[in-house]
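Quantities reported herein were computed from a predicted structural model and do not represent experimental measurements.
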Amino acid sequence: MSVEQQIKASLHSEQAQLDQILSREQGLFNRLGHIYSGSMRRWVWLSTLLALLATAAFIYAGYRFYMATVLNEQVFWGVWFIAGLLVQIAIKLWLFMEMNRTSILREIKRSELNLQSAGAASRQSS
């Protein structure tokens with residue numbers, strides 16, 4: 001077997017392992033569902049409510065900006081529109097960071113269990 005064939009075989013085995021890991025991955029909506037049932041669920045529900053209110057506020061501000069005829073009103077509602085967008089972006093960013101945190105915690109727990117079972121198996125074989 002040539003070096004090139006060994007490299008290809010090694011890459012195929014690594015790809016198979018990665019495919020197996022990725023097939024266990026949850027989708028976006030399952031991950032989002034986990035943050036609504038985790039330890040921070042009250043804060044997540046509150047931030048979701050605030051995101052909905054921010055959405056309504058910036059849509060209203062955008063409408064008022066569009067309907068304003070005086071420059072001062074356009075500036076006022078334009079600033080509120082941008083502020084509403086920024087608030088919503090910040091809340092969504094926090095929600096996705098929370099989703100990432102719960103996913104990482106789940107992986108750490110899974111790794112701990114794997115290490116414990118490997119340690120128990122090695123103790124039994126000794």
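By the side-chain contact (heavy atoms from CB on, under 4.5 Å) test, Trp94 is found to be paired with Met40, Trp43, Val44, Ser47, Glu98, residues two or more places apart in sequence or in another chain being considered.
Closest approach of Ser10 and Ser13 over heavy atoms only: O-OG, 2.8 Å.
Taking CG of Leu53 as the start and CD of Gln88 as the end, the distance is 11.0 Å to the nearest 0.5 Å. Rounded to the nearest 0.5 angstrom, Ile104 CD1 and Met97 CE are separated by 10.5 Å.
Side chains of Arg106 and Lys109 form no contact here, defined as non-hydrogen atoms less than 4.5 Å apart.
Clustering ILVMFWY residues whenever any of their side-chain heavy atoms sit less than 4.5 angstrom apart, transitively, puts Leu52 in a cluster other than the one holding Ile91. Both Leu86 and Ile59 belong to a common hydrophobic cluster when Ile, Leu, Val, Met, Phe, Trp and Tyr are linked at side-chain heavy-atom distances under 4.5 angstrom. Residues Phe58 and Leu50 do not share a hydrophobic cluster, clusters being chains of Ile/Leu/Val/Met/Phe/Trp/Tyr side chains in contact below 4.5 Å.
Summarising the local packing, CD of Glu4 is surrounded by 12 or fewer heavy atoms from other residues, nucleotides or ligands at distances under 6.0 Å.
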Donor-acceptor list for residues 65-85 side chains, cut-off 3.5 Å, not counting sequence neighbours:
{"residue": "Gln74", "atom": "NE2", "partner": "Ala68", "partner atom": "O", "Å": "3.4"}

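Judged purely by atom type and a 3.5 angstrom limit, Ser103 has no side-chain atom pairing as donor or acceptor with the backbone of Met99.
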